[in-house]
Amino acid sequence: MIGDTSLDYPTLYERFAANDWAAIKLDDAVAQSALKAGYAPKEVVKFLYQSPYIQHQIHQKQVNVKVMNQYAASTVVNASQHLQASELLRAQRRSSRKKRQQQME
């Protein structure tokens, strides 16, 4: 989904709005991709406000906007933590490889 330029918003909404699990996974992927691309967390939260899941929850299910704001913020925090953990793991792997190479020399 991410990066598929042939998808427009109505198509995304139709595919994801009523499927909570898939829509939440889409939001997770959007948040991680945006953070990885260098967007600030506050900007990413604003991106998520436009998500099919949030729009469906607010406009169709009448979920309180504050609840969905909290959902967006926590999604970004979780994505940020996931990216930090991934970066730490990559750094540890590089360090381990470097040590093995030095030991072999």
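Reckoned from all heavy atoms, side chains included, excluding hydrogens, waters and symmetry mates. All values reported here derive from a predicted model rather than from experimental measurement.
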Participant: Hey, do the aromatic rings of Y39 and F47 have their centres closer than 6.0 Å?
Facilitator: yes

Participant: In Å, rounded to the nearest 0.5 Å, how long is the span from CG of N69 to CG of N64?
Facilitator: 8.5 Å

Participant: Nearest 0.5 Å, what's the CZ-OG1 distance between F16 and T11?
Facilitator: 10.5 Å

Participant: CD1 of I54 to CE of M68: how many Å apart, nearest 0.5 Å?
Facilitator: 4.5 Å

Participant: Starting from Y13 and following side-chain heavy-atom contacts under 4.5 Å between hydrophobic residues (I, L, V, M, F, W, Y), which residues can be reached?
Facilitator: Y9

Participant: Would you please name every residue forming a salt bridge (Lys or Arg N to Asp or Glu O under 4.0 Å) with D20, sequence neighbours left out?
Facilitator: K61

Participant: Do the side chains of V44 and V65 join up, straight or via other hydrophobic residues, at under 4.5 Å, putting them in one cluster?
Facilitator: yes

Participant: Could you go through the side chain to side chain contact (heavy atoms under 4.5 Å, CB included) check for V63 and Y71 one step at a time?
Facilitator: CA-CA 11 Å; V63 174; Y71 161 78; over 6 Å; no

Participant: Looking only at non-hydrogen atoms, find the nearest pair between A73 and V45 and report the distance.
Facilitator: CA-CG2, 4.0 Å

Participant: Using side-chain heavy atoms (C-beta onward) and a distance below 4.5 Å, is S51 in contact with V30?
Facilitator: no

Participant: With no hydrogens and no angle check, just 3.5 Å: does a side-chain donor-acceptor pair link T75 and D27?
Facilitator: no

Participant: How far does CG of L89 sit from CZ of R94, to the nearest 0.5 angstrom?
Facilitator: 10.0 Å

Participant: Determine whether I58 and V67 fall in the same hydrophobic cluster, where Ile, Leu, Val, Met, Phe, Trp and Tyr are linked whenever their side-chain heavy atoms lie under 4.5 Å apart.
Facilitator: yes

Participant: Could you tabulate the donor-acceptor pairs under 3.5 Å formed by side-chain atoms of residues 78-88, not counting sequence neighbours?
Facilitator:
residue	atom	partner	partner atom	Å
N78	ND2	S74	O	3.3
S86	OG	H82	O	3.0

Participant: Under the criterion side chain to side chain contact (heavy atoms under 4.5 Å, CB included), I'd like the reasoning laid out for L26 against Y53: C-alpha separation, chi angles, the key distance, then a yes or no.
Facilitator: CA-CA 9 Å; L26 176 64; Y53 177 70; over 6 Å; no

Participant: Which value, rounded to the nearest 0.5 Å, describes the distance between L12 atom CG and Q50 atom CD?
Facilitator: 11.5 Å

Participant: Is the number of heavy atoms from other residues, nucleotides or ligands within 6.0 Å of CD (Q60) greater than 12?
Facilitator: yes

